[in-house]
A.B. asks: 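Have a look at this one before I ask anything.
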Amino acid sequence: MRILITGGTGYIGSHVALNVLSGNHDLFILDNYSNSSKDVLTKLKIISNREFQSAECDIKNKDNLIKVFSDFNPEVVIHFAGFKSVNYSIKVPLSYYSNNVSGTINLLEVMDQYNCNNIIFSSSATVYGAPEYLPCDEKHKIAPINPYGKTKFFLEEILKDWAMSNSQNRSIILRYFNPVGAHKSGMIGELPIGTPNNLFPYIAGVIRNKYDYLSIYGDDYNTKDGTGVRDYIHVEDIAMAHVNSLNLLKTNVKHETINLGTGIGFSVLEILTEFKKILKKPIPFKFKPRRNGDIATLIADNKKAKLMLKWDIKNDLNQICKDTVRWINNYSHGK
Ligand code: NAD
Ligand code: UD1
């Protein structure tokens with residue numbers, strides 16, 4: 001298949017690109033490098049030993065998108081391009097609506113123009129808001145509490161309407177829980193740009209001695225040890241689910257929404273214990289008050305993913321932490 005990946009030099013997009021390259025597909029990567037580096041393209045070629053096309057392109061610029069589509073004529077778009085910071089989305093909501101929502105509408109309009117009928121879209125478990133029951137399945141109420149989460153919710157609705165508007169159109173929405181870890185090569189992972197808000201990038205900063213300690217936000221949640229519990233899933237397991245979604249697009253599926261998580265929750269303290277086993281020394285931390293908007297526990301019900309994508313988790317927490325440490329060590333040495 002001819003596959004276009006938007007945001008393909010980003011954290012998740014680059015891992016998916018490697019999985020696509022290991023199959024018998026033609027790949028085109030577009031990115032505006034607002035949150036990634038062009039170097040990733042070279043790394044992808046080295047790791048995969050495969051050639052692919054790429055372009056610097058902002059999905060907000062329709063003329064540039066048209067150029068990509070007329071050059072490559074994709075059959076499927078795997079769509080990652082977008083902003084993802086909850087905090088910034090509260091400060092600059094219009095920029096989030098413009099980039100994520102307007103950008104995606106541009107993309108769909110150009111897909112229509114070039115008769116490209118298939119899209120796989122990165123959504124987030126953040127659309128569920130505070131869960132009313134656990135594990136959280138796809139039928140759970142949608143109640144995003146920040147502009148970032150609302151862009152994902154609006155886009156899910158837009159993609160559903162788009163799929164229904166033409167008998168050929170198909171859309172698959174993948175709702176990621178907490179993607180973490182890095183590629184086994186140690187050459188690609190999550191880029192530490194700015195001060196991280198998320199747990200794993202911040203831990204990476206402590207391991208690299210950029211920060212003295214991790215602030216643990218809350219020790220009084222109703223969880224096994226008082227710290228927040230989340231469903232951390234290896235980015236390579238996320239990537240594999242995209243390849244399996246390509247197979248699902250070949251069936252008579254029209255529009256499906258699927259959770260990607262492990263179904264297992266770990267607390268912040270459990271994550272630190274796992275890193276300690278690998279590093280052979282503890283990660284310093286201090287307990288701080290709860291973070292605004294945080295919930296105690298979020299865990300995926302992943303039965304639908306297992307059934308429809310014929311997919312399962314291959315990497316446990318130990319592998320996640322090992323791959324994270326390998327990536328941090330390589331990155332710290334400028335590789
Ligand atoms: P990322 O920031 O690493 O990757 C996104 C890529 O899109 C970057 O390379 C960025 O430069 C590019 N981009 C942004 N705006 C663009 C535009 N207008 N035109 C072209 N390129 C643009 O983020 P990620 O972690 O790889 O996330 C990928 C997608 O998955 C995002 O849509 C994100 O919201 C979603 N998601 C991520 C997580 C997570 O924890 N990482 C969780 C749930 C959902
Ligand atoms: C956060 C976002 C969520 C988004 C997801 C993307 C918020 C409120 N939620 O989810 O919308 O989809 O990132 O990856 O921002 N923690 C610490 N110290 C830190 C960082 C985090 O203790 O420095 C704790 C948090 O309180 C939480 C856990 O670690 O219990 C995971 O946090 P994080 O990695 O930010 O992910 P989420 O909060 O699940």
Side-chain angles (χ1 to χ4, degrees), residues 5-16 29-38 40 55-61 64-65 68 78-90 95-96 98-100 102-104 106-107 121-130 144-146 148-149 151-152 155 174-180 188-191 193 195-203 205-206 211 213-219 221 223 227-233 235 238-239 260-261 265-269 271-272 285-298:
I5 300 190
T6 74
T9 51
Y11 173 46
I12 302 173
S14 57
H15 288 81
V16 172
I29 288 180
L30 75 76
D31 206 299
N32 68 355
Y33 310 116
S34 55
N35 196 37
S36 60
S37 154
K38 250 186 186 162
V40 171
E56 179 161 358
C57 172
D58 191 316
I59 58 167
K60 292 200 296 306
N61 183 327
N64 282 356
L65 275 177
V68 169
I78 311 185
H79 179 35
F80 298 101
F83 293 156
K84 64 167 181 176
S85 159
V86 169
N87 279 357
Y88 284 125
S89 81
I90 294 165
S95 148
Y96 270 66
S98 166
N99 198 52
N100 294 8
S102 304
T104 303
N106 273 341
L107 178 67
F121 173 64
S122 313
S123 189
S124 166
T126 196
V127 296
Y128 295 122
I145 57 164
N146 52 63
Y148 165 68
T151 68
K152 293 296 179 191
L155 286 169
L174 299 176
R175 288 183 182 148
Y176 313 150
F177 278 65
N178 289 63
V180 289
I188 55 169
E190 191 162 18
L191 275 187
I193 296 175
T195 308
N197 292 309
N198 297 122
L199 182 66
F200 269 66
Y202 204 95
I203 291 176
V206 178
Y211 309 113
Y213 61 89
L214 172 77
S215 299
I216 298 185
Y217 300 128
D219 63 354
Y221 283 109
T223 58
T227 65
V229 169
R230 294 291 183 277
D231 187 332
Y232 298 97
I233 171 168
V235 63
I238 292 262
L260 291 185
F266 289 103
S267 72
V268 178
L269 286 174
I271 299 293
L272 294 188
F285 67 87
K286 290 185 185 172
F287 286 121
K288 297 281 174 67
R290 292 180 180 193
R291 186 171 68 172
N292 257 348
D294 262 358
I295 46 175
T297 304
L298 188 59

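Numbers here are sequence positions counted from 1. Only a predicted model underlies this, so the values are computations on that prediction, with no experimental measurement involved. In what follows, every heavy atom counts, from backbone to side chain, and hydrogens, waters and symmetry copies are set aside. Just follow the structure's listing: the first ligand is 1, and inside any ligand the first atom is 1.
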A.B. asks: Which bit of Lys84 gets closer than 4.0 Å to ligand 2, counting heavy atoms only: side chain, backbone, both or neither?
C.D. replies: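 Neither part.
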A.B. asks: Judged on heavy-atom distance to atom 33 (P) of ligand 2, which of Asn292, Asn198, Leu214 sits nearest?
C.D. replies: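 Closest candidate by heavy-atom distance is Asn198.
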A.B. asks: For the OH atom on Tyr88, are there more than 12 heavy atoms of other groups (residues, nucleotides or ligands in this structure) within a distance under 6.0 Å?
C.D. replies: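 Not buried by this count: 12 neighbours or fewer within 6.0 Å.
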A.B. asks: Who's closest to atom 37 (P) of ligand 2 heavy-atom-wise, of Lys288, Arg290, Arg230?
C.D. replies: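 Minimum heavy-atom distance to atom 37 (P) of ligand 2 goes to Arg230.
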A.B. asks: Which atoms of ligand 2 are found less than 4.0 Å from any heavy atom of Asn178?
C.D. replies: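 Taking each heavy atom of Asn178 in turn, ligand 2 has 36 (O), 37 (P), 39 (O) under 4.0 Å.
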A.B. asks: Out of Tyr176, Tyr128, Tyr202, Tyr217, indicate the one that has the non-hydrogen atom closest to atom 19 (C) of ligand 2.
C.D. replies: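 Checking each option, the heavy atom nearest atom 19 (C) of ligand 2 is found in Tyr217.
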A.B. asks: Give me the nearest non-hydrogen protein atom to atom 30 (O) of ligand 2 as residue plus atom name, then the distance to 0.1 Å.
C.D. replies: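 Among all protein heavy atoms, the one nearest atom 30 (O) of ligand 2 is Gly228 CA, 3.5 Å.
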A.B. asks: Starting from atom 12 (O) of ligand 2, locate the nearest protein heavy atom and write down its residue, its atom name and how far away it is, to 0.1 Å.
C.D. replies: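 Looking only at protein heavy atoms, the one closest to atom 12 (O) of ligand 2 is Ser124 OG, 3.1 Å.
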A.B. asks: Carefully, step by step, assess Phe83 and Ser34 under the rule side chain to side chain contact (heavy atoms under 4.5 Å, CB included).
C.D. replies: CA-CA 9 Å; Phe83 293 156; Ser34 55; 3.9 Å; yes
A.B. asks: What atoms of ligand 2 come closer than 4.0 angstrom to any heavy atom of Ser215?
C.D. replies: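 Selected atoms, number and element: 17 (C), 18 (N), 19 (C), 22 (O), 23 (O).
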A.B. asks: Looking at Asn197, I want to see if its CG is surrounded by more than 12 non-hydrogen atoms of other residues, nucleotides or ligands under 6.0 Å.
C.D. replies: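 Above 12, so yes.
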A.B. asks: Closest by any non-hydrogen atom to atom 20 (C) of ligand 2: pick that one out of Asn197, Leu269, Asp294, Leu298.
C.D. replies: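 It is Asn197 whose heavy atom sits nearest to atom 20 (C) of ligand 2.
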A.B. asks: Test side chain to side chain contact (heavy atoms under 4.5 Å, CB included) on Glu190 and Val235; report intermediate values, then the result.
C.D. replies: CA-CA 10 Å; Glu190 191 162 18; Val235 63; over 6 Å; no
A.B. asks: Do me a favour and list the nearest non-hydrogen protein atom to atom 38 (O) of ligand 2 with residue, atom name and distance?
C.D. replies: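 Its nearest protein heavy-atom neighbour is Arg291 NH2, 2.8 Å.
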A.B. asks: Thr126 heavy atoms, cut-off 4.0 Å: which ligand 2 atoms fall inside?
C.D. replies: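 Checking each atom against Thr126, I get 3 (C), 11 (O), 12 (O).
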A.B. asks: Can you tell me which portion of Val268 lies within the under-4.0 Å heavy-atom range of ligand 2? Options are side chain, backbone, both, or neither.
C.D. replies: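 It is the side chain that gets close, since no backbone atom is under 4.0 Å.
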A.B. asks: Under 3.5 Å, is there a donor-acceptor pair between the side chain of Asn106 and the main chain of Lys60?
C.D. replies: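 The answer is yes, because a donor-acceptor pair under 3.5 Å joins these two groups.
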A.B. asks: Donor-acceptor pair, distance only, cut-off 3.5 Å: does the side chain of Ser98 make one with the backbone of Ser95?
C.D. replies: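 No: the side chain of Ser98 does not pair with the backbone of Ser95.
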A.B. asks: Among all protein heavy atoms, pick out the one at the shortest distance from atom 31 (C) of ligand 2; state its residue, atom name and that distance to 0.1 Å.
C.D. replies: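 Answer, as residue, atom name and distance: Tyr232 OH, 3.3 Å.
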A.B. asks: Given Leu269, which partner from the list Thr223, Thr227, Asp219, Val229 fulfils the side-chain contact (heavy atoms from CB on, under 4.5 Å) test?
C.D. replies: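 Result for side-chain contact (heavy atoms from CB on, under 4.5 Å) with Leu269: Thr227.
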A.B. asks: When you measure from atom 34 (O) of ligand 2 to every protein heavy atom, which one gives the shortest distance, and what is it?
C.D. replies: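 Looking at atom 34 (O) of ligand 2, the protein heavy atom closest to it is Leu199 N, 2.8 Å.
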A.B. asks: Which bit of Val86 is near ligand 2, meaning a heavy atom under 4.0 Å away: side chain, backbone, both or neither?
C.D. replies: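 Just the side chain.
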A.B. asks: Let me know which protein residues bring a heavy atom to under 4.0 Å of ligand 1; chain then number is fine for ordering.
C.D. replies: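 Shell around ligand 1 (4.0 Å, heavy atoms): Gly7, Thr9, Gly10, Tyr11, Ile12, Asp31, Asn32, Tyr33, Ser34, Asn35, Ser36, Cys57, Asp58, Ile59, Phe80, Ala81, Gly82, Lys84, Asn99, Ser122, Ser123, Ser124, Tyr148, Lys152, Tyr176, Pro179.
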A.B. asks: Got a sec, which residues hit side-chain hydrogen bond (donor to acceptor under 3.5 Å, both in side chains) with Ser14, two or more places apart in sequence or on another chain?
C.D. replies: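 Expected list: none.
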A.B. asks: Please confirm whether the ring centroid of Phe266 lies under 6.0 Å from the ring centroid of Tyr232.
C.D. replies: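 Between Phe266 and Tyr232, the centre distance exceeds or equals 6.0 Å.
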